[in-house]
Amino acid sequence: MADWPAVQRTERTDTIVRRQRGRTTLASLATAALVTATATACGGPFQDLGPLPPRFSGPPLPADAVVSEMTSVLAAEGITVARQPSEVLGRCTERLMGRHAPATVDSALKAAVERARSERGWQAGPDLGNGTLTLTKGNWTALTALPSPEPGRGIESLVIVSLTCVDAGSPTATTPPTPAPTSS
């Protein structure tokens, strides 16, 4: 270490170092104050407000009741549909399929949707654009698409109504779990 040149401390270097440390300290204090103010101001939205409200009101509707209701509404407008087996495991879905005369299928589907709203208590569902009709009731959403404007000659138009539920309403899902008995 004897080979190293000795660093001459001057008054000027001491002043520069003190100013840099002062600025760093001042910047650190300003950053800490800003973070504290931000955390205090944003603390309200992060409060626990409890569980979310249910996505539907009333008791969950069973699939058989919804399928029966939609089938009768469509039948009242002359559209005969059959329940297709659900192939999706773990999801609550149903599908109704049938055929109808191409000349009147659009008006019949629109009339069936209006009948479901006025007579059966279904509500207008989310707007998915032209050519799509949606309804909601309880934990179910019904969706159908209007067939293409130019159906094939002599071929009846295919009518598909997809029914999807939010919660199947199974007894295990709606009843709270009971605590296991403890042995003394």
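If you're wondering where the values come from, they're calculated on a predicted model, not measured in any experiment.
By the 4.5 Å side-chain criterion applied to Ile, Leu, Val, Met, Phe, Trp and Tyr, L158 is assigned to a cluster that also includes M97, I160. Hydrophobic cluster membership for I16: none, as no Ile, Leu, Val, Met, Phe, Trp or Tyr side chain comes under 4.5 Å of it. When hydrophobic side chains of Ile, Leu, Val, Met, Phe, Trp and Tyr are connected at separations under 4.5 Å, L143 ends up clustered with L128. Under the 4.5 angstrom side-chain criterion for Ile, Leu, Val, Met, Phe, Trp and Tyr, V17 has no cluster partners at all.
Nearest heavy atoms, T136 versus G125: CG2-CA, 3.9 Å.
Legend: residues meeting side chain to side chain donor-acceptor pair (under 3.5 Å) with T132, ordered by chain and number and at least two apart, are absent. Applying the side-chain contact (heavy atoms from CB on, under 4.5 Å) test to V105 and every residue at least two apart in sequence or in another chain returns H100, L109, P147, S157, V159. Partners of E94 according to the side chain to side chain donor-acceptor pair (under 3.5 Å) rule, which considers only residues two or more places apart in sequence or in another chain, are R83.
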For residues 66-79, dump all side-chain donor-acceptor pairs below 3.5 Å to protein atoms at least two apart in sequence or in another chain.
unit_1: E69; atom_1: OE1; unit_2: K137; atom_2: NZ; d: 3.2
unit_1: E69; atom_1: OE2; unit_2: W122; atom_2: NE1; d: 2.5
unit_1: E69; atom_1: OE2; unit_2: K137; atom_2: NZ; d: 2.9
unit_1: T71; atom_1: OG1; unit_2: V67; atom_2: O; d: 2.7
unit_1: S72; atom_1: OG; unit_2: S68; atom_2: O; d: 3.4
unit_1: S72; atom_1: OG; unit_2: E69; atom_2: O; d: 2.9
unit_1: S72; atom_1: OG; unit_2: R120; atom_2: NH2; d: 3.1
unit_1: E77; atom_1: OE2; unit_2: R115; atom_2: NE; d: 2.8
unit_1: E77; atom_1: OE2; unit_2: R115; atom_2: NH2; d: 2.8

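Annotation: side-chain hydrogen bond (donor to acceptor under 3.5 Å, both in side chains) contacts involving residues 22-33, sequence neighbours excluded, are absent.
The shortest distance between side-chain heavy atoms of C92 and W140 falls below 4.5 Å. R117 has its side chain within reach of L135: a pair of non-hydrogen atoms, C-beta onward, lies under 4.5 Å apart.
For the atom pair CG of L61 and CG of L163, the computed distance is 11.0 Å after rounding to the nearest 0.5 Å. Note that CG of N130 is 10.0 Å distant from CG of L133, once rounded to the nearest 0.5 Å.
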